[in-house]
Amino acid sequence: MLKTHTCGELRPTDDGRQVTLAGWVDRRRDHGNLIFVDLRDRWGITQVVFDPSASPEAHEAASQLRNEYVLQVRGTVRCRPEEMVNPTLDTGGVEVLAIEAQILNPAKTPVLYINRDVEEDESLRLRYRYLDLRKPRMQRNLILRHEVVRFIRNYLHDRDFIEIETPILIKSTPEGARDYIVPSRVHPGRFYALPQSPQQLKQLLMVSGLERYFQIARCFRDEDQRADRQPEFTQLDLEMSFVDRQDVIQLTEGLFTELIQTVTPEKRLLQTPFPRFTHAEAMALYGSDKPDIRFGMLLTDLSPDLTDSEFRVFAGTLSSGGQVKGIRVPGGGSWPRSQFDELVTTAQELGAKGLIWMVVEGTSPIALRSPVNKFLSEAEQQAIVERMQAEPGDLLLIIADAPAVVAEVLGQLRLQMGRRLNLLDDDVLGFAWIVDFPLLEWDEEEGRYSAVHHPFTAALDEDLPYLESDPARVRAKAYDVVANGYEIGGGSIRIHRRDEQQRMFRAIGLTPEEAEAQFGHLLQAFEFGAPPHGGIAPGIDRLVMLLANEPNIREVMAFPKTQNAVDLMTQAPSPVSEKQLRELHIKLDLEPQATR
RNA sequence: GGGGGCGUGGUGUAGUGGUUUAACAUAAUGGCCUGUCAAGCCAUAGAUCGCGGGUUCGAGUCCCGUCGCUCCCGCCA
């Protein structure tokens, strides 16, 4: 080793020790005769003093130093006098008096500031990611990620799970996200796909009798990016045999609870055991299937009070199967009028026909300030205020529209209002389970039903009889774990019988021939004694993002891609040679512009 | 596919409502300095304002296009 100690470990008790440190120059403070260098490595920063009276040679070397030079120093640890202790450094009680210094590598002026916290242009950070990753924030995130994965491995190992790798080159199937595909050289015209998740493979491992499997699995989806979505990402993929929903939920909940208490003890879990909502409840109360339950401001259904209203917006909406619902924004009544107009615009941009706002000025007697109160009877105003438990000074935001629109718009407004009122505490993790998702949803574009979760998800036993007669009514043995408004993971109890799986394929419009061609291996496997099984797949990146208080998952990935799925450091994707294409029997058919 | 934001010395910003040497901080280069820890002081150098076109006497600033990064909708079984 080129060092005897790290830059984070020396303490006053090491006084007098001969040590060798190596790392990067974080800062140099040159006083002419005396030079101070903050030497940095992964473990910390130690101040090195270059005194010409102690070592002229080392001092001369130090005068050459610039930020990010790689330096090896041999010297003597000495305690700092009390008034020179730096309380902001773990090693601030000591310094190393340099006897010998060797520049292992100089460095150009860095394009990013490693030693200060500035928000540099993201493309610059990604292009020079290896420099970006030198920053304490990024190292902290990568270390946290490692700790999370290490805890998961230990936890599952202790519970008799085994980690099994599944192939990255697999078969493309049309269901789900767009596949990344890989051409085969030895089979001209044929392609592998990169897994969107190891779903079928882990189910086959259950057929194999492994019973408890997990994998820290890389997944690939060729879809457009978001702050919490990258083209490749990592899931904790796990599957268990002879379980029901309760078993998977309990295991996952125990894992998360202990993980967070161990790895990020500064985080507070809002509620354990995690509260459970049916999908219908979550939509009704929060307007979202991934609710942020750190704050209330629940959606209140006003429909029962307004069915006979003279106000046509309400009556008309209700008579045509719509809903009237609202949220109560405490204290929002004092905002300027212009902000209410902005909220109306926001609601319309989100798809609502309009937004009704009411300022509660008094509750006994009822006094509302609103563009519509002249259309509402005294009794109706009374009912609205009572049902929403409104108090003077509150702002009420009401939407009358189709149920899906009401949920979407009020759900979004609720989040905006929560942020605005500072109701979202970053140190709190509001985990919850969402269960009883619909099994199928109508796909307008394809003109058929498609699986909400995936086509291997089992239906609730009591709903299964309606699979053919009333598909939209069937609920799934599925469960999502959500936290702070993010979907952290989803899972289900799977179908394990061939006949039931074929029924499901039929329900999503696959012919028996198509089902056989695409999923024949799975159907066949189910004929050889497939056990009941189920599992879940939490997203590691999103979880770590939450634990690290980061706004996007790029901050917890070493080498992420841009929104256009480009790697700015390596410039992937890039053209390949004619020879490579020829070997793969691939001819390009590009627009003239697109040849770059 | 659509909508929004951003792009000015190496880096982070100011300027932007039409006009002169495009300002500040930091980094950089040289000098001074024995106790700093975002060291300090002095001096020097560095941007034709993402790129292309247009309007104008005059464009960093206005208009059109384009590229890059980003946020969102669609999409993400």
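In what follows, chains are A, B, ... by sequence order, proteins preceding strands, each numbered from 1.
- When heavy atoms are screened at a 4.0 angstrom cut-off, A:Arg78 is found touching base atoms of the nucleic acid.
- Among the heavy atoms of the strands lying under 4.0 Å from A:Asp30 is at least one base atom, whether or not backbone atoms are also near.
- A 4.5 Å side-chain heavy-atom check between A:Gln203 and A:Glu239 finds at least one atom pair inside the cut-off.
- With respect to the salt-bridge test (charged N to carboxylate O, under 4.0 angstrom), the residues A:Arg178 and A:Asp222 do not qualify.
- Residue side chain A:Arg28 does not reach the base of B:C37 through any donor-acceptor N/O pair under 3.5 Å, judged by distance alone.
- Within the structure, every side-chain polar atom (N or O) of A:Arg29 is placed at least 4.0 Å from both OP1 and OP2 of B:U36.
- The residue among A:Pro551 and A:Ser450 whose nearest nucleotide of RNA chain B lies closer to the 5′ end is A:Pro551.
- Remark: C1' of B:G74 and CD of A:Glu408 are 12 Å apart, rounded to the nearest angstrom.
- Applying the 5.5 angstrom centroid cut-off and the 30 degree plane-angle cut-off, the aromatic ring of A:His31 is not stacked upon the base of B:G35.
- Residue contacts shown for A:Val49 are absent, as no nucleic acid heavy atom lies under 4.0 Å away.
- Side-chain to base pairing of A:Arg27 with B:C37: no donor and acceptor N or O lie closer than 3.5 Å to each other.
- Between the side chain of A:Arg221 and the main chain of A:Pro231, no donor-acceptor pair closer than 3.5 Å is present.
- Seen from the ring of A:Tyr486, A:Arg542 does not count as a face-on cation partner, given the 6.0 Å and 45° thresholds.
- Atom NZ in A:Lys561 sits about 17 Å away from atom P in B:G68, given to the nearest Å.
- A:Val118 comes within 4.0 angstrom of nothing in the nucleic acid, heavy atoms only.
- Between the side chain of A:Asp224 and the base of B:G74, a donor-acceptor pair under 3.5 Å is found.
- Contact of A:Tyr128 with B:G10 (side chain to base): no donor-acceptor pair of N or O atoms is detected under 3.5 Å.
- Residue A:Gln563 is classed as a base contact, given a heavy-atom separation below 4.0 Å to a base.
- Protein atom CG of A:Asn33 is 15 Å distant from nucleotide atom C1' of B:G31, rounded to whole Å.
- One cannot find a donor-acceptor pair under 3.5 Å joining the base of B:G74 and the side-chain atoms of A:Glu223.
- For A:Arg137, the CZ atom counts as densely surrounded, since its 6.0 Å shell holds more than 12 non-hydrogen atoms of other residues, nucleotides or ligands.
- In this structure, A:Leu89 places its CG atom 12 Å from C1' of B:U36, rounding to the nearest Å.
- With hydrogens and angles left out, the side chain of A:Arg229 and the base of B:C75 share a donor-acceptor pair within 3.5 Å.
- Regarding contacts with the backbone of B:U11, every side-chain N or O of A:Arg127 stays at 4.0 angstrom or more from both OP1 and OP2.
- An OP1 or OP2 oxygen of B:C76 is reached within less than 4.0 angstrom by no side-chain nitrogen or oxygen of A:Gln196.
- Distances shorter than 4.0 Å separate some side-chain N or O of A:Thr562 from OP1 or OP2 on B:C69.
- No engagement by A:Leu350 is indicated, since no non-hydrogen atom pair under 4.0 Å with the nucleic acid exists.
- Checked by distance alone, A:Arg66 brings no side-chain donor or acceptor within 3.5 Å of a matching partner on the base of B:G10.
- Distances shown here put every side-chain N or O of A:Asn86 at or beyond 4.0 Å from the OP1 or OP2 atom of B:C37.
- Heavy atoms of A:Arg554 sit under 4.0 angstrom from primed sugar atoms or phosphate atoms, though from no base atom.
- For B:C73, one of the phosphate oxygens OP1 or OP2 lies less than 4.0 angstrom from a side-chain nitrogen or oxygen of A:Arg226.
- Closest approach of A:Met569 to A:Arg127, counting heavy atoms only: CG-O, 3.5 Å.
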